[in-house]
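Scroll down for the structure; my scribbles are underneath it.
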Amino acid sequence: MSIAHEFDYAKPASLKEALALLARPVPGGAVSLAGGTDLVAWLRDGAVSPGRLVDLKGLAELRGIRLKGGKLWIGAAATFAEIIASPLVKRHAPLLVESSGLVASVGVRNRATIGGNVCSAVPCCDSGPTLLVHEAVVHVATPRGQKRIPMKQWFLGPRRTALAKGGIVLGFSLPLAKHAGAFAKLKRYRGEDLAQASVGVRVDAKGVWRVAYGSVAPTPIRGPKVERLLKGVKKPDAALLKKAVALAEAEVAPITDIRSSDIYRRLMVGVMLKRAVRLAAARLAGRGPAYGINVMEEDAQ
Amino acid sequence: MKEIAIRLNGEVRRVAVAPNETLLDVLRAKLGVKTPKEGCGRGDCGACTVLLDGKAVRSCLILAIEVDGQSVVTLEGVGKAGPTALQKAFVKNNVFQCGFCAPGVILSASALLVEKPQPSEHDVREALAGNLCRCTGYAPIVATVLAVAKKSAKKKPASRRARS
Ligand SMILES: Cc1cc2nc3c(=O)[nH]c(=O)nc-3n(C[C@@H](O)[C@@H](O)[C@H](O)COP(=O)(O)OP(=O)(O)OC[C@H]3O[C@@H](n4cnc5c(N)ncnc54)[C@H](O)[C@@H]3O)c2cc1C
Ligand code: FES
Ligand code: FES
């Protein structure tokens with residue numbers, strides 16, 4: 001038996017029932033299950049031992065990608081495969097196509113959800129930087145009602161989020177505006193790997209830049225110093241980029257772990273920022289390659 | 001224990017499962033389907049690949065109880081009416097050595113060819129990036145998938161049976 005620990009399983013058909021199942025006491029506690037690509041792996045490892053799994057895949061509220069109230073709505077249960085294939089995401093948040101396409105491999109992307117990705121909240125989660133630069137809002141349901149949490153307040157630490165215990169993420173809303181972006185992911189090899197470092201950038205028609213980093217701090221973080229430096233410049237020149245690289249290296253706080261050393265991460269963040277900014281600037285000007293590449297792979301340059 | 005019903009390789013099968021049994025374990029130990037393999041048990045290698053409602057997924061990271069009412073296809077289902085054009089080409093080109101990765105590779109490639117009958121080399125590499133082979137290297141596998149796709153452009157789709 002590959003999972004030694006025993007637990008109950010429930011697949012509620014309504015949000016109300018799901019919240020009640022998460023709230024009802026059980027030895028070991030109750031946890032949500034979405035695609036299971038993190039949770040089932042943790043169960044196999046014995047890293048978690050909940051008493052009840054509440055499968056969210058029966059909840060209509062968490063499904064779908066659509067335009068709603070002038071925003072792009074992405075249900076928490078949308079898989080990365082669904083996000084990549086969505087014409088709406090391609091049109092309004094193509095950066096999310098780029099970052100989602102670099103998550104794991106097809107077999108994982110067919111199952112892994114964006115909601116689970118930000119709830120697991122590991123520092124290398126690839127949705128983090130993209131949702132941060134989009135200034136997305138996380139819509140949450142709790143037994144006491146629904147709440148909206150700005151992405152900037154979402155990540156509290158490694159594997160810690162602003163989600164109250166027993167809460168359910170319903171989805172994300174992304175403001176709509178003309179913009180361009182780029183996502184750079186550094187991996188040890190081609191194919192599937194978690195990020196050694198990642199950089200997401202977004203620039204709008206006024207030259208307002210938003211920058212976020214993954215895997216180089218306890219959580220995905222924004223890059224306010226680089227953002228201030230680049231403000232108003234739609235096509236930064238080499239001198240400005242040089243300054244931006246120095247600021248990027250200074251505003252991250254990487255550690256050494258199994259995937260790379262802190263100094264390698266810090267220096268590569270500068271290289272990645274430069275490439276991502278150039279690519280986003282080219283895309284804003286209507287040039288540059290289509291979304292769905294990784295600027296850190298040689299054939300993408 | 002709960003009784004679930006899955007459509008396995010085209011046939012409805014009922015089986016009693018505990019919540020902590022993975023789909024991979026149930027397929028192998030309770031339903032007698034042995035082509036999905038356990039390589040890593042953590043989503044990395046793709047040896048446990050099955051098609052769930054037509055999509056390639058990792059059966060080591062799915063609980064059997066989650067797939068109640070859904071359709072599962074393993075390699076046994078793909079080759080039910082004799083080897084597909086893709087399987088024949090893999091044999092002819094000698095692309096596998098130990099064969100441990102083969103069921104996963106064939107299922108991932110078959111799903112790709114159904115979704116995109118004329119894939120680019122990039123598409124093939126992307127579809128197979130999560131299927132690790134420790135023996136042969138990937139060049140012959142990728143070349144064979146591309147050759148089969150090209151040939152089928154002139155005839156009927158190569159891997160229609162993968163859906164069954
Ligand atoms: C081989 C492999 C490679 C990977 N590579 C990458 C990668 O390159 N980049 C990357 O970012 N990630 C990677 N991942 C991790 C990625 O698959 C997960 O983070 C995934 O997105 C989690 O979603 P899930 O639906 O599988 O969540 P689950 O595993 O079901 O749940 C994860 C956590 O989130 C909670 N949860 C899920 N949904 C909700 C919700 N709606 N409301 C409240 N809580 C919820 C669960 O309780 C659990 O704590 C990889 C995983 C594997 C197995
Ligand atoms: S055994 Fe499932 S991916 Fe390796
Ligand atoms: S042939 Fe041995 S692992 Fe692929």
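Below, chains carry the letters A, B, ... as their sequence lines are ordered, and counting in each starts from 1.
Interface remark: of the candidates B:K55, B:E66, B:R42, B:E38, B:E66 forms the most heavy-atom pairs closer than 4.5 Å to chain A. Counting heavy-atom pairs under 4.5 Å between each of A:D8, A:D38, A:N110 and chain B puts A:N110 at the top.
Side chain of B:R28 to main chain of B:P36: a donor-acceptor pair is present (N/O by atom type, distance under 3.5 Å, no hydrogens or angles). A donor-acceptor pair is defined here as one N or O able to donate and one able to accept, closer than 3.5 Å; no such pair exists between the side chain of B:R7 and the backbone of B:Q70. Between the A:T130 side chain and the A:S127 main chain, no donor and acceptor come within less than 3.5 Å of each other.
Listed in order of number, the residues of residues 49-60 of chain A that approach chain B to under 4.5 Å between heavy atoms are A:L53, A:D55, A:K57.
With values rounded to the nearest 0.5 angstrom, A:L39 atom CG is found 8.0 Å from B:L63 atom CG.
In this structure, B:P103 and B:F100 approach most closely via the heavy-atom pair CD-O, 3.6 Å.
Classification of B:E76 and B:K80 as a salt-bridged pair fails, no side-chain N sitting under 4.0 Å from a carboxylate O. Comment: B:E21 does not engage B:K2 in a salt bridge, judged by the lack of any side-chain N to carboxylate O separation of less than 4.0 angstrom.
Only the side chain of B:L52 comes within contact range of chain A, judged by heavy atoms closer than 4.5 Å.
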